[in-house]
Amino acid sequence: MSRIPWVDQELCISCTLCVQAAPEVFRMGDKNVSQVYNGTGAPEVKIQLAIDGCPVSCIQWRDV
Ligand code: SF4
């Protein structure tokens with residue numbers, strides 16, 4: 001089992017910090033909110049830093 005990050009787009013405030021922290025994983029989508037486009041695109045440690053840096057804590061791990 002592995003896991004990928006998931007963004008609750010209802011809560012995202014479009015600050016772009018996660019995109020800056022892990023651009024291989026997150027990008028700003030059509031609604032100008034963050035989306036995961038490559039959930040395994042960076043080491044988990046790097047993704048975790050992006051998760052921890054989200055000011056509204058709207059990124060979570062999801063098992064896949
Ligand atoms: S860090 Fe959080 S609030 Fe900021 S763009 Fe990413 S998901 Fe949205």
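Both counts, for ligands and for their atoms, begin at 1 and track the order of listing. Keep in mind that this is a model prediction, so the values were computed, not measured.
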>> Using modelled atom types and a 3.5 Å cut-off, is there a donor and acceptor pairing between side-chain atoms of Tyr37 and backbone atoms of Pro23?
In response: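 Yes, Tyr37 side chain to Pro23 backbone: donor-acceptor pair under 3.5 Å.
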Determine the minimum heavy-atom distance between [X] and [Y], stating which atoms define it.
{"X": "Lys46", "Y": "Ala21", "answer": "CE-O, 3.2 Å"}
{"X": "Ile59", "Y": "Cys18", "answer": "CD1-CB, 3.8 Å"}
{"X": "Gly53", "Y": "Leu17", "answer": "O-CD1, 3.8 Å"}
{"X": "Cys15", "Y": "Gln20", "answer": "O-NE2, 4.2 Å"}

Sub-4.0 Å atoms of ligand 1 with respect to non-hydrogen atoms of [X]:
{"X": "Val56", "value": "3 (S)"}
{"X": "Ser34", "value": "5 (S), 6 (Fe), 7 (S)"}
{"X": "Ile59", "value": "7 (S)"}

Which residue holds the protein heavy atom closest to [atom], what is that atom called, and what is the gap in Å?
{"atom": "atom 5 (S) of ligand 1", "result": "Thr16 N, 3.3 Å"}
{"atom": "atom 2 (Fe) of ligand 1", "result": "Cys54 SG, 2.3 Å"}
{"atom": "atom 8 (Fe) of ligand 1", "result": "Cys12 SG, 2.3 Å"}
{"atom": "atom 4 (Fe) of ligand 1", "result": "Cys15 SG, 2.3 Å"}
{"atom": "atom 3 (S) of ligand 1", "result": "Ile13 N, 3.4 Å"}
{"atom": "atom 7 (S) of ligand 1", "result": "Cys58 SG, 3.5 Å"}

>> I need the single residue from Ile51, Val33, Val36 that forms a side-chain contact (heavy atoms from CB on, under 4.5 Å) with Val7. Which is it?
In response: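 Testing each of Ile51, Val33, Val36 against Val7, the sole residue satisfying side-chain contact (heavy atoms from CB on, under 4.5 Å) is Val36.
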> Is there side-chain contact between Ser34 and Arg27, with at least one heavy-atom pair below 4.5 Å?
Replying inline: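 Of all side-chain heavy-atom pairs linking Arg27 with Ser34, none is under 4.5 Å.
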>> Closer than 2.8 Å to atom 8 (Fe) of ligand 1: does that hold for any N, O or S atom in Cys18?
In response: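 No, since none of the N, O or S atoms of Cys18 sits under 2.8 Å from atom 8 (Fe) of ligand 1.
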